[in-house]
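Computed over heavy atoms, backbone and side chain alike; hydrogens, waters and symmetry mates excluded. One is the number of the first residue; the rest follow in order along the sequence.
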Amino acid sequence: MTTSERIKMAAGEWYTCIDDELEALRIAARDAVFEHNSLPPRQRGNIAPALRALLGGVGEEARIEAPFHCAYGFNIHLGDGVFLNAGCTILDTAPVRIGKGTMLGPNVQIYCAEHHREAAGRLAGLEIARPVRIGDNAWIGGSAVILAGVSIGEGAIVGAGAVVTRDVPANATVLGNPARAVTKG
């Protein structure tokens, strides 16, 4: 029996993103995102109904400003009081868990997919999905990029424009490209 590309993606195995089932899921996400981004703010509320229904979990008073983009939506889990500012992009090929009270600045990008290192693999659409976890009460500065497989600890701060390639400990502050810890003094 052949394993579907969606099952391989969920298992953290190499899969091909050029797949009818995955494309149908991406279309459903684009429709929900379009509604969210198109509704007037008073009608949209914190999160538009179709996007809220699509997401894997939404805590109380979680809010996503428009515009927003995600790949699938069902892998995104937002804790209570999470705030995603305008322009956030989450390519959620794997679970993305954002802890309560965490704030993402404008244009933050979270990428769970890693593409194949060989050209032939990339041409075949091969990817592997790695989860991203952001702990409670973290602060992610505007235009930061968080790469696949990264965990950011509770209370951590990621400076604006940082590219986070490695785990960030709880209560640490990281800046730069690649992001590095700042010593307090």
Side-chain angles (χ1 to χ4, degrees), residues 9-15 17 29 33 36-37 46-47 51 55-117 121-122 126-185:
M9 181 176 81
E13 300 170 4
W14 287 100
Y15 66 95
C17 62
V33 164
H36 178 81
N37 292 337
N46 285 342
I47 303 172
L51 182 57
L55 296 176
V58 179
E60 290 184 33
E61 298 302 314
R63 181 176 184 84
I64 301 174
E65 290 291 346
F68 171 75
H69 178 75
C70 65
Y72 296 99
F74 57 78
N75 277 322
I76 299 172
H77 305 269
L78 307 175
D80 294 344
V82 165
F83 178 77
L84 278 60
N85 211 329
C88 286
T89 296
I90 302 177
L91 301 184
D92 61 310
T93 54
V96 174
R97 298 187 182 281
I98 302 175
K100 67 181 179 183
T102 290
M103 298 185 295
L104 277 62
N107 301 311
V108 168
Q109 302 166 58
I110 299 173
Y111 304 145
C112 293
E114 291 182 4
H115 299 279
H116 206 277
R117 297 196 193 289
R122 289 191 302 276
L126 287 177
E127 298 178 349
I128 194 164
R130 302 197 191 284
V132 169
R133 185 194 149 283
I134 303 173
D136 296 346
N137 302 308
W139 177 17
I140 313 300
S143 297
V145 177
I146 301 168
L147 297 183
V150 167
S151 289
I152 297 173
E154 181 175 338
I157 297 172
V158 174
V163 178
V164 185
T165 61
R166 295 187 178 133
D167 290 352
V168 177
N171 301 307
T173 298
V174 298
L175 306 169
N177 179 3
R180 297 204 192 302
V182 175
T183 56
K184 296 180 181 177

Considering all heavy atoms, the nearest [X]-[Y] contact:
| X | Y | value |
| --- | --- | --- |
| Cys88 | Gly105 | SG-O, 3.5 Å |
| Gly153 | Ala138 | O-CB, 4.1 Å |
| Gly99 | Val82 | O-CG2, 3.2 Å |
| Thr93 | Ala113 | OG1-N, 3.4 Å |
| Ala66 | Asn37 | CB-OD1, 3.6 Å |

Quick one: list whatever passes side-chain contact (heavy atoms from CB on, under 4.5 Å) with Leu91, sequence neighbours left out.
->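 Residues passing side-chain contact (heavy atoms from CB on, under 4.5 Å) with Leu91: His69, Ala71, Thr89, Tyr111.
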Report yes if some heavy atom in the side chain of Glu154 is under 4.5 Å from a heavy atom in the side chain of Lys100; otherwise report no.
->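 No - every pair of side-chain heavy atoms lies 4.5 Å or more apart.
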Flag side-chain contact, heavy atom, 4.5 Å: Ile76 against Cys70 |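 A side-chain contact under 4.5 Å exists here.
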Taking [X] for the side chain and [Y] for the main chain, is one N or O donor matched with an acceptor at less than 3.5 Å?
| X | Y | value |
| --- | --- | --- |
| Asp167 | Ser151 | yes |
| Asp92 | Tyr72 | yes |
| Thr102 | Asn137 | yes |
| Asp80 | Glu60 | yes |

Return yes when atom CD of Glu61 has more than 12 non-hydrogen atoms of other residues, nucleotides or ligands closer than 6.0 Å, and no otherwise.
->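 Counting neighbours around CD of Glu61, 12 or fewer heavy atoms of other residues, nucleotides or ligands fall under 6.0 Å, so no.
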Counting only heavy atoms not in Arg122, do more than 12 fall under 6.0 Å of its CZ?
->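 More than 12 heavy atoms, drawn from other residues, nucleotides or ligands, come within 6.0 Å of this atom.
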Pairwise distance [atom1]([X]) to [atom2]([Y]) - rounded to 0.5 angstrom:
| X | Y | atom1 | atom2 | result |
| --- | --- | --- | --- | --- |
| Ile140 | Ile98 | CD1 | CD1 | 8.5 Å |
| Thr165 | Ile146 | OG1 | CD1 | 11.5 Å |
| Leu55 | His36 | CG | NE2 | 9.0 Å |

Plane angle bin for Trp14 and His116 - parallel if under 30°, tilted between 30 and 60°, otherwise perpendicular =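 If you compare the ring of His116 with that of Trp14, the planes turn out tilted.
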Donor-acceptor pairs under 3.5 angstrom involving side-chain atoms of residues 128-135: please list them, not counting sequence neighbours.
| from | atom 1 | to | atom 2 | distance (Å) |
| --- | --- | --- | --- | --- |
| Arg130 | NE | Glu114 | OE1 | 3.4 |
| Arg130 | NE | Glu114 | OE2 | 3.4 |
| Arg133 | NH1 | Ile152 | O | 3.4 |

Which of these, Ile64, Ile110, Asn85, sits in a side chain to side chain contact (heavy atoms under 4.5 Å, CB included) with Leu104?
->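 Output: one option passes, namely Ile110.
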Are Leu84 and Leu78 close enough, and set up right, to give a side chain to side chain contact (heavy atoms under 4.5 Å, CB included), and what steps lead you there?
-> CA-CA 10 Å; Leu84 278 60; Leu78 307 175; 4.2 Å; yes
Qualifying residues under side-chain hydrogen bond (donor to acceptor under 3.5 Å, both in side chains), relative to Arg63, sequence neighbours excluded =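 Partners of Arg63 under the side-chain hydrogen bond (donor to acceptor under 3.5 Å, both in side chains) test: Asn46, Glu65.
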